[in-house]
Amino acid sequence: MSRLQVVSGKGGTGKTTVAAALALALATEGKRTLLVEVEGRQGIAQLFETEALPYEERKIAVAPGGGEVYALAIDPELALLDYLQMFYKLGGAGRALKKLGAIDFATTIAPGLRDVLLTGKACEAVRRKDRSGRFVYDHVVMDAPPTGRITRFLNVNDEVAGLAKIGPIHNQAQAVMRVLKSQESAVHLVTLLEEMPVQETADGIAELRAARLPVGRVIVNMVRPEVLDEADLELVRTVPRSSLAQSLSAAGLGGARRGGHAERLVDPLLEQATEYAERYALEQEQRAVLGELGLPLGELPLLAEGMDLAGLYELATELRKQGLS
């Protein structure tokens, strides 16, 4: 199991939810995971029903079996201050630069540098060991940018090539890429069973593979429960309306006479069945497209009561059942 798990996906697919559930799943049986947020949206804090995350590693949950989930919201400006102190020992001078707006200016005009700082912080957590030589975190899960930006975000070595050919920035980018392109890492893509998210997932996988970044698996999120199977759908297409009305009447839903209550229910029921059949066919078509990508597939159910902390633990349990822990 890769120690750095990167989670991306098209906007609206629930990638942050999946990343959070994955962190919980990986923290079972006494393990410790770090859940990293890089987009500054504080989505992790909302999911775990806690206050906004600071720029420090903070325990936010206990997983089944006593494992722990820590979280970190990476601020690129503060990460750059850390970087300046680490390599240049600027200390107070770095803080003065921040007050003058130079730090924000640097991370804005040089997006490659910003990505080095964000990915570098996560990769440092992957490599970090305690005094006994053991890894501080068993796994690090990154809630990464959307699929359309994930390859460029992770491929920081190419991004900083124009900024620095040698020196600490270049060396940092090289160290980051050694982690990201190794067996220590895996990039998972979250999608829905809809045409646009599936197509963006396929495009994202092609880009990641072209950049030689390790693709993990596709996770299909918010899967609706199966109401009618193929045999049921065939009955919907072939059963006479009169037979359906008689069945409704036999079930106690009104008389069978023409114009009775049972007959008035036929058209709405057939309309719903037709809508379900169309959606079912679309979902099966998209499953087939995903199956052609040659990656392991996981599925997470649509939670009827919406997402809360209990739902997050439920999704974590489902991920463990599917071997993602």
Side-chain angles (χ1 to χ4, degrees), residues 5-22 25 43 47 141-154 186-211 213-238 269-307 311-312 314-325:
Q5 308 271 331
V6 180
V7 180
S8 181
K10 188 181 187 303
T13 59
K15 69 177 180 63
T16 299
T17 299
V18 173
L22 180 58
L47 283 169
V141 179
M142 181 193 293
D143 177 22
T147 316
R149 294 194 287 118
I150 187 61
T151 301
R152 184 173 181 181
F153 172 77
L154 294 177
V187 185
H188 308 298
L189 297 183
V190 181
T191 187
L192 305 178
L193 288 175
E194 299 173 4
E195 186 174 359
M196 288 185 63
V198 167
Q199 183 60 55
E200 189 162 316
T201 297
D203 293 342
I205 290 170
E207 291 177 2
L208 288 166
R209 284 171 168 166
L213 289 162
V215 185
R217 65 174 62 196
V218 175
I219 302 173
V220 183
N221 195 25
M222 293 186 272
V223 176
R224 297 178 178 90
E226 185 177 279
V227 178
L228 303 174
D229 59 21
E230 290 285 358
D232 295 327
L233 292 173
E234 181 61 26
L235 280 175
V236 169
R237 288 188 288 267
T238 59
L269 285 174
L270 288 175
E271 183 177 344
Q272 288 187 32
T274 300
E275 290 176 358
Y276 177 85
E278 291 173 352
R279 190 180 76 230
Y280 179 85
L282 173 63
E283 291 177 349
Q284 292 301 99
E285 180 182 321
Q286 298 310 311
R287 274 196 179 93
V289 173
L290 293 173
E292 294 174 356
L293 298 176
L295 292 173
L297 294 179
E299 291 195 4
L300 292 175
L302 174 66
L303 300 181
E305 297 182 0
M307 179 53 61
L312 203 56
E314 183 180 336
L315 294 182
T317 299
E318 189 62 33
L319 287 173
R320 287 197 298 274
K321 290 178 181 177
Q322 298 182 30
L324 262 168
S325 64

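In what follows, residues are counted from 1 in the order of the sequence shown.
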Check: [Y] and [X] side chains under 4.5 Å, non-hydrogen atoms:
X	Y	value
Leu208	Leu189	yes
Thr147	Asp203	no
Ile205	Val218	yes
Leu290	Val198	yes
Ile150	Val6	yes

- Message: Restricting to salt bridge (Lys or Arg N to Asp or Glu O under 4.0 Å), what partner residues turn up for Lys15, sequence neighbours left out?
- Response: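 In terms of salt bridge (Lys or Arg N to Asp or Glu O under 4.0 Å), with neighbours along the sequence ignored, Lys15 is linked to Glu39, Asp143.
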- CD of Glu305: more than 12 outside heavy atoms within 6.0 angstrom?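 Atom CD in Glu305 is not crowded, with 12 or fewer foreign heavy atoms closer than 6.0 Å.
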- Task: Evaluate whether atom CD of Gln284 has more than 12 neighbouring non-hydrogen atoms of other residues, nucleotides or ligands under 6.0 angstrom away.
- Result: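 Atom CD in Gln284 is crowded, with more than 12 foreign heavy atoms closer than 6.0 Å.
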- Query: With distance as the sole criterion, is a donor-acceptor pair present between the side chains of Glu318 and Gln322 under 3.5 Å?
  - Reply: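 Their side chains do contain a donor-acceptor pair, which is all the 3.5 Å distance test asks for.
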Write down the atom of [X], the atom of [Y], and the distance for their closest heavy-atom approach.
X	Y	answer
Val141	Ala19	CG1-O, 3.6 Å
Glu226	Tyr280	OE1-CE1, 4.0 Å
Phe153	Met142	CE2-SD, 3.7 Å
Ala21	Ala316	O-CB, 3.4 Å
Leu295	Gly216	CD2-O, 3.8 Å
Ala20	Leu47	CB-CD1, 3.9 Å

Gap between atom [atom2] of [Y] and atom [atom1] of [X] - 0.5 Å precision:
X	Y	atom1	atom2	answer
Leu192	Leu302	CG	CG	9.5 Å
Glu207	Arg209	CD	CZ	12.5 Å
Arg152	Arg149	CZ	CZ	9.5 Å
Leu193	Thr13	CG	OG1	12.0 Å
Glu314	Leu300	CD	CG	10.0 Å

- Give a yes or no on whether the backbone of Pro145 and the side-chain of Ser8 come within a donor-acceptor separation of less than 3.5 Å.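 Flag set: sc Ser8 to bb Pro145 pair under 3.5 Å.
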- Determine, step by step, whether Leu22 and His188 satisfy the side chain to side chain contact (heavy atoms under 4.5 Å, CB included) criterion, reporting the C-alpha distance in whole Å, the side-chain angles of both residues, the deciding distance to 0.1 Å, and the verdict. CA-CA 11 Å; Leu22 180 58; His188 308 298; 4.0 Å; yes
- Contact list for residues 280-292, test salt bridge (Lys or Arg N to Asp or Glu O under 4.0 Å), sequence neighbours left out: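 Qualifying pairs, neighbours excluded: Arg224-Glu283, Arg279-Glu283, Arg287-Glu299.
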- Can Val18 and Leu315 be said to form a side chain to side chain contact (heavy atoms under 4.5 Å, CB included), step by step? CA-CA 8 Å; Val18 173; Leu315 294 182; over 6 Å; no
